[in-house]
Every structure is written in structure tokens, then in C-alpha cells.
Peer 1: 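Let me begin by handing over the structure; questions about it come next.
Just so it is clear: chains get the letters A, B, ... in the order the sequence lines come, proteins before strands, and each one is counted from 1.
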There are 2 protein chains.
Amino acid sequence: MTPPADRVPPADTTDERALNERRAAILEAVVTEYIGTAEPVGSSHVANAHGVQVSSATVRSEMVALERDGYLVQPHTSAGRIPTDKGYRFFVDHLTEPGVLGPAQHLQVTQFFDQVHGEMETMLERATGLLSELTSYAAVVVGPSHDTATVRSVQMVGLSPLMALLVVVLSDGAVEKRTIELDREASEDALARSGAVLSAHLVGHTISSAWTVPLSGDEEVDRLVVAARVPFSFLEGTMDSDHVFVGGPARLAESFDAVETVRSVLGILEQQLVVVTLLRDVLHSGLSVAIGTEHGYEPLASCAVVVAPLTADGQDLGAVGLLGPTRMDYPRAMAAAHVVGERLGERLGSHDGRH
Amino acid sequence: MTPPADRVPPADTTDERALNERRAAILEAVVTEYIGTAEPVGSSHVANAHGVQVSSATVRSEMVALERDGYLVQPHTSAGRIPTDKGYRFFVDHLTEPGVLGPAQHLQVTQFFDQVHGEMETMLERATGLLSELTSYAAVVVGPSHDTATVRSVQMVGLSPLMALLVVVLSDGAVEKRTIELDREASEDALARSGAVLSAHLVGHTISSAWTVPLSGDEEVDRLVVAARVPFSFLEGTMDSDHVFVGGPARLAESFDAVETVRSVLGILEQQLVVVTLLRDVLHSGLSVAIGTEHGYEPLASCAVVVAPLTADGQDLGAVGLLGPTRMDYPRAMAAAHVVGERLGERLGSHDGRH
DNA sequence: TCCTGGCACTCGGTAGACTTGAGTGCCAGG
DNA sequence: CCTGGCACTCAAGTCTACCGAGTGCCAGGA
């Protein structure tokens, strides 16, 4: 089996290359077992695993090498070994395919997409629930950012004599609103006309064009148009931080036994902006995984993140992510993220009105 | 000190009345100390507490009575006592005033309300953060339900040839939208006219009137009007479950040391509908407190909930709630909920356009 | 040259015995 | 009716011994 070429250079020197086949098999066995049991894995367990056909003594000597190279660690002498982040990384990169969902889970996904309907936000929200149920990890879904969306309609609606509502519909189906306090009462007519003025100059353009709306000459209307400028600029700023949905945070309490860890990870999930940038950083091309400190957020050092892009026709529509312990079930998590991400992407592509 | 009248009927028989003054003082001391330390409180600690000027032996015999009457329990013989839910209840009802925020916290609240601005949703969202920071418990804010809101504007906007967006503005400033898939292409003009038809018959009425919109006779427009009916009915159903904001769930991990408890409580907080009905059930009149199983949700048996209403001009605009362990700092939590609820209510009252 | 079975060793975890000390219940005296 | 005193209880901490999973190393065999 083992190609004889392996013998010439001792495997140790080829640190970053594929481990010699046997070591890889041993590493795989350790990772798989540890993911399942959460307990340090001893050489005899590995020797019994299928895929490894050597004695425990041989396994031990290989484990020494794997430890020296940083793939495994011993919590203490006379205990089994645990994979390091590097070990998990090798496992993810070389030892596992994205994996396939079990039939029951596949059915769950199918049913979900058969049944889900309605607004994009609702769909994304519910998708987090699906993902966290499939995997029993916490799930995150980030929807499309609006930065390329253009304005489709602008309307001013009076709420009370001194209060109006600016309602902006974007080409991707998002609706944003801002209340505007008026310093003087405005007629229904003036509100409608100011909406029309804004519409006339914004429809088809991005929101940032709001500053350049020319005035109409009618003082009452222009007063409203000017009052709408500031809200517009706020809109611009807040729009991309929208559309973050977190599902199944309670699952985190299952994944970690240290309360302190649960707390700090929950703390991260509360900060939407951090979540968005985290996903953005992790996502390189296609399905991506960040293990331990690879993403640079210390509070998540004991976590792994699996991210799949949401795309349709090559357009970036967001991302779905799973957050679990570093000893997460990578094949399953990757499969779930991949499948859900793909199908959700299709849906968004057909629903959001872009072409 | 003690009125002699107390002697005639032994205090035991008057279970539900005010405990004799000394017992109340002892109960208060136990609750206060236990809230602070989370450890069973012994008689000598109580004897040293100010407000109690008797020896520990006397305290002990009173504690026996308090235990018999169900206000205290011993985790085991030869340990101090812990308040029961009934004990906390008595404490909340008779031994503490809503309390006043410390100067630093008062400042925090003031600054918050000076600085917060913009949409109601944003404000409610951020208020959960304020509340959980003030108290270090999880916070919940439920915004106004729309059930009395009337329609202010209806608009149909085309997104793509076969996709339109129904945008409804309500009198309370809420904006709801639903995408509508069309079976046949619709002109901009027809969309606008269908919006006008819907507007004409709905503005000023509640959403439920959508079924009675008369048709205009123009087939293209009527097709759109009919297509909008179903989305409207969905709107009706989903509107009140909106506007639930949860803040600081990570604090729960601080409050409880049992991971299992954290998990189940987080699970509850994930279900918006449950949260809303919980608050609604707990809220009686003004500031309300539910301790342990008083609210009937088993997973929250080790929790206490403090709820304050959001009102303006006597109108119900929602509620703010705090969720913590039964040994929460009631005075502080009640003060925070009260103050924030009150000021938030004022804000909503002045901003939401109702009169 | 590499694998394997055997063997001595390590060390975390568990169980039992003992100690400590906070806290109790009870009682007799003021 | 309160109080100080006293004997008692029992969770938690400490110490010890032991067990066993697991290791590293080595000599013999393929």
C-alpha cells in the first residue's frame, strides 16, 4: 500500500505535505473517535479502528511522531491523545469529503424548502433553525447586503401632524423606513409631492444619491426633502448590518461544559457586526472552515466555524455559518452548511428580483 | 417594639398575614444575604445583621417557625437556610420598595435616553441592552402590538416582471411588506393603480378589512388586488408576534452554574411567542414579579421574572421584562424595569403617532 | 528494516477514612 | 421570653491507597 517513495525521506521532514498514509489513517481515527466521545483516545482504540491494521505499539510510536509534529497533544502523561487545531485542520483538508447528509436529514431539508415561503427575512430566520436542528450547533445566516441595490420607490407618509415616515423600497425587496420629525405641520399633499420629488431622482440609483436631489422650488416640499436627507444617510450606514440571524444559541450550552466558555461565545453572538465580519473573514471560496484561533477571535478559541456562501448566478448573497466546538462533527456540519447554503442561495436568487 | 396584640394569637395561625415583625426582619436578612452570597445563611449571620437585635439562638428558633411555614428551607441538616419561592414572594410584597437606582445607574439611564434616537425598533432593541447592563440579567422588551393600528398607506411596487412587493404603512409607524408572485406580467401603471384601489378602501381601517376591498372593474388591476388579499391575511397573523427583543442572553450563563439550566432557559428565550405570552401573563397591573413556578413554565422554575408595562396616556404599548435567577436582586431589578419601562413608554407615546 | 508483544512505569480518577467547622436543636438559667 | 452553652450533624476538604488506561522502551521475530 504505502508507496516505497515514502521511505527515502523520513516523513518528519515533509511537515506540511501529506502525512505518510499510515499516520494519516491514525490521525483520522483519533479525530473521528474524539469527535464522538470527547475523551482522549488511546493507542489501542486506534489499533482496533478499521483502516488501521497495525498493533497498538506501532500506533504509539506513530502517535509520538504526530505529537512531535503538532497534530496531537496529550492532556497529561498516561492519557490518550487529543487532536490539536492543526490536527483538525489536516483532517478537514485531507481526510474528509464534505460528506453527505443522512437520509432523514436530507428529508428534513427537502421538507423545509418545500414548505418555507414568504419573505426573505422569514426564510433566513427559519433557516437558522433548520441548520441548528440538523447539526445541533448554533447557526448564523447573513442575508444579502444592499450595497448594490437601487431604489425602487420612495414615499413619505404622514403619521401625525409633526411626524412623517420615509419609506424606501429597494430593488432587492428590502423596505427601509425612518421617522422624520417635522418642525412645522405638513399637508398630505406636500408629503406626497416630496415623495414624488425624491422618487423622481432616486429610483434606479443607489441610496447615496440622496444628497444630490435637486430642490423643486416649492418651499413646503423642499423643506421635507431636506429633512429626509439625514435619515437617508443613516439608512446607508445601517443597511448592511441588517439581516443577521442567529439560531439555536441554546445549543452552545450543550457543546461546552465550561459555563465561562458558553458565556463568552454567547457574548460574541450578540454582536451582530462581529458575526458578520467573522463570516466574511472565514469565507474564502466555497465551503470554508476556521478552527480554533484561525479566525483570530480569542473568545472563540475553542470553537470551529463552518461557513458556506449563498450565491446565485455567481452573485454573493450572503453566507450561512455553523458555530460549534473544535471537536465538531465536521463532515456533518460541512454537509449541512453546504446543502442548506446551496438551496437557500437558489431560493434567494429566484426571489429577490435581481437578474 | 412588638405590639402586645401579637401575643394573643400565636403568629403561626396567621399564615398569610404579615409575619410578626421580628420574623419578617429575619426573613429579610436571610433573603438579602442569600441574594448577595448565594450561600445558605446561618443564624449567626442573621443575628449580626442590622435590623435584628437578638441572639443567634433566638434567630434559630424563629427560623424553625419560618421553615415550618414554608418561607425557608434547609438544603440539608446543619446548613444555613435558603429562601423558598414563598419567602421571596413575601420579601417582594412586604419587605422591599421598588427601590431606587444608584446614581451611576441613573446616569446611565439618563444618558441612554438622551442619546437614543431613531426608529422604535432600534430603540427597543437597544433598551434590552441597557436593561441587561443595568441588572446583569437577561432582558426582554415587547413593543406595541399593532392590533389597533390602522392602515395609513398601501403601495404596490414592482420588483421584477413577475414579482411585486406589497408595502403597508400603519398608523403606528410600522411598515410591513409581502412579496407577491404574479402569474402574469403587470405594468407599472397597473401596480400603481392597484395600490391606489387598496389604499382607497383600507386607509383609516384595520388590516382585516382587506377582504372587503371592492373590485374596480379593470381586470388587470383587480387581478393584483385579489393577489394581495392572501398576503394581507398573513400580515394580520404575524404582526403581533413581531417586536420582541431579547438582550443579554449571555448573562444567563453568569446567573446559573448548571449548564442544563442555562440551556433550557435559553431555549425558552428563543421562542418569541412564549416570551410574549409569558410577559403578558405575568403583567398584572404596574410592576409585576413572578417567582419560580408562579408563571407556570417549568423550564423557568429556577427563574424570576420582573415585568413593567410600557404605557403612555393609559395605552398599553408593550412591556419590558427581566429574567434572572430566583435569587435575583429584586429591588434593583424592579427599579431598573420600572424606570426604563416608564421612560421608554413616554418615548413611545410621543413618537408613535397615536393620540 | 520494520513490526510486535511484553513489561515497567506514570498518573488521573475514584473510593474510603478522617478531620474540620459552620450550623443546628435543645435546654437550663437569668 | 431571651440567651449562652453544649452536644450533635453533616458537607466539604484532606490524605491515602489503589486501580487501570495508557505510555515509552526494548528485545525478538518476519
Peer 1: Tell me the closest heavy-atom pair linking A:Y137 and A:P325, and the distance in Å.
Peer 2: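 Minimum heavy-atom contact is CE2-CD, 3.7 Å.
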Peer 1: Atom pairs, N/O to N/O, protein against nucleotides 5-9 of chain D, distance under 3.5 Å?
Peer 2:
residue	atom	partner	partner atom	Å
D:dG5	O6	B:R60	NH2	3.2
D:dT9	O2	B:S78	OG	3.0

Peer 1: Under 3.5 Å for both pairing distances: what stems, at least three Watson-Crick or G-U pairs long, include DNA chain C?
Peer 2: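 DNA chain C forms these stems: C:1-30 with D:1-30.
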Peer 1: If you measure from the Lys or Arg side-chain nitrogens to the Asp or Glu carboxylate oxygens, is any gap between A:R89 and A:D93 under 4.0 Å?
Peer 2: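 Yes, charged N to carboxylate O under 4.0 Å.
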Peer 1: Quick one: is C:dT4 close enough that its OP1 or OP2 comes under 4.0 Å of any side-chain N or O from A:T58?
Peer 2: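 A:T58 to C:dT4 OP1/OP2: side-chain N or O found under 4.0 Å.
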Peer 1: Check this for me: A:H295, atom NE2, are more than 12 non-hydrogen atoms of other residues, nucleotides or ligands nearer than 6.0 Å?
Peer 2: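 Yes - once you tally the heavy atoms of other residues, nucleotides and ligands closer than 6.0 Å, there are more than 12.
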Peer 1: Rounded to whole Å, please give me the gap between NE2 in A:H45 and C1' in D:dA21.
Peer 2: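 Taking atom C1' of D:dA21 as the reference, NE2 of A:H45 is at 9 Å.
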Peer 1: Output the rounded distance in Å from CD (B:E67) to C1' (C:dG25).
Peer 2: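 From B:E67 CD to C:dG25 C1': 12 Å.
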Peer 1: Could you state the atom-to-atom distance from CG of A:L66 to C1' of D:dT23 in whole Å?
Peer 2: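 Going from CG in A:L66 over to C1' in D:dT23 covers 15 Å.
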Peer 1: Can you check whether B:L72's main-chain N or O pairs, donor with acceptor, with B:K86's side chain at less than 3.5 Å?
Peer 2: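 Not confirmed, B:K86 side chain does not pair with B:L72 backbone.
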Peer 1: Is any side-chain N or O of B:S43 closer than 4.0 Å to OP1 or OP2 of C:dG23?
Peer 2: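 So the side chain of B:S43 is outside the cut-off, no N or O lying under 4.0 Å from OP1 or OP2 of C:dG23.
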Peer 1: Check the distance between D:dT3's P and B:R22's CZ and give it to me in whole angstrom.
Peer 2: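 Atom-to-atom, B:R22 to D:dT3, this comes out as 8 Å.
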Peer 1: Do any N or O atoms from the side chain of B:R327 and from the backbone of B:I35 form a donor-acceptor pair under 3.5 angstrom?
Peer 2: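 Confirmed, B:R327 side chain pairs with B:I35 backbone.
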Peer 1: Rounded to the nearest 0.5 Å, what separation is found between the CZ atom of A:R332 and the CG atom of A:L134?
Peer 2: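 Nearest 0.5 Å value for the CZ-CG distance: 8.0 Å.
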Peer 1: Rounding to a whole Å, what distance do you find between A:H76:NE2 and C:dG12:P?
Peer 2: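 That distance rounds to 6 Å.
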Peer 1: Ring-plane angle category for A:Y88 and A:Y330, please: parallel below 30°, perpendicular beyond 60°, tilted otherwise.
Peer 2: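 The rings of A:Y88 and A:Y330 sit tilted, inter-plane angle from 30° to 60°.
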Peer 1: Would you kindly give the CD-to-C1' distance between B:E33 and C:dG23, to the nearest whole Å?
Peer 2: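 My rounded result for the distance is 13 Å.
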Peer 1: Check whether any side-chain nitrogen or oxygen of B:R81 sits under 4.0 Å from OP1 or OP2 of C:dG23, and answer yes or no.
Peer 2: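 So the side chain of B:R81 is outside the cut-off, no N or O lying under 4.0 Å from OP1 or OP2 of C:dG23.
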Peer 1: Pairing donors with acceptors under 3.5 angstrom, does anything connect the side chains of A:T58 and A:S55?
Peer 2: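 Side-chain D/A pair, A:T58 to A:S55: present.
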Peer 1: Closest nucleotide of DNA chain D for B:V54 versus for A:V41: which of these residues is on the 5' side?
Peer 2: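 Its nucleotide being nearer the 5' end, the pick is B:V54.
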Peer 1: Atom CZ of A:R23 to atom P of C:dC2: distance rounded to whole Å?
Peer 2: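 Taking atom P of C:dC2 as the reference, CZ of A:R23 is at 11 Å.
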Peer 1: Classify the side-chain pair B:Y297/B:T277 by whether it contains a donor and acceptor separated by less than 3.5 Å.
Peer 2: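 B:Y297 vs B:T277: donor-acceptor pair found between side chains.
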Peer 1: Given atom CD of B:E62 and atom C1' of C:dC26, what is their separation to the nearest angstrom?
Peer 2: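 From B:E62 CD to C:dC26 C1': 16 Å.
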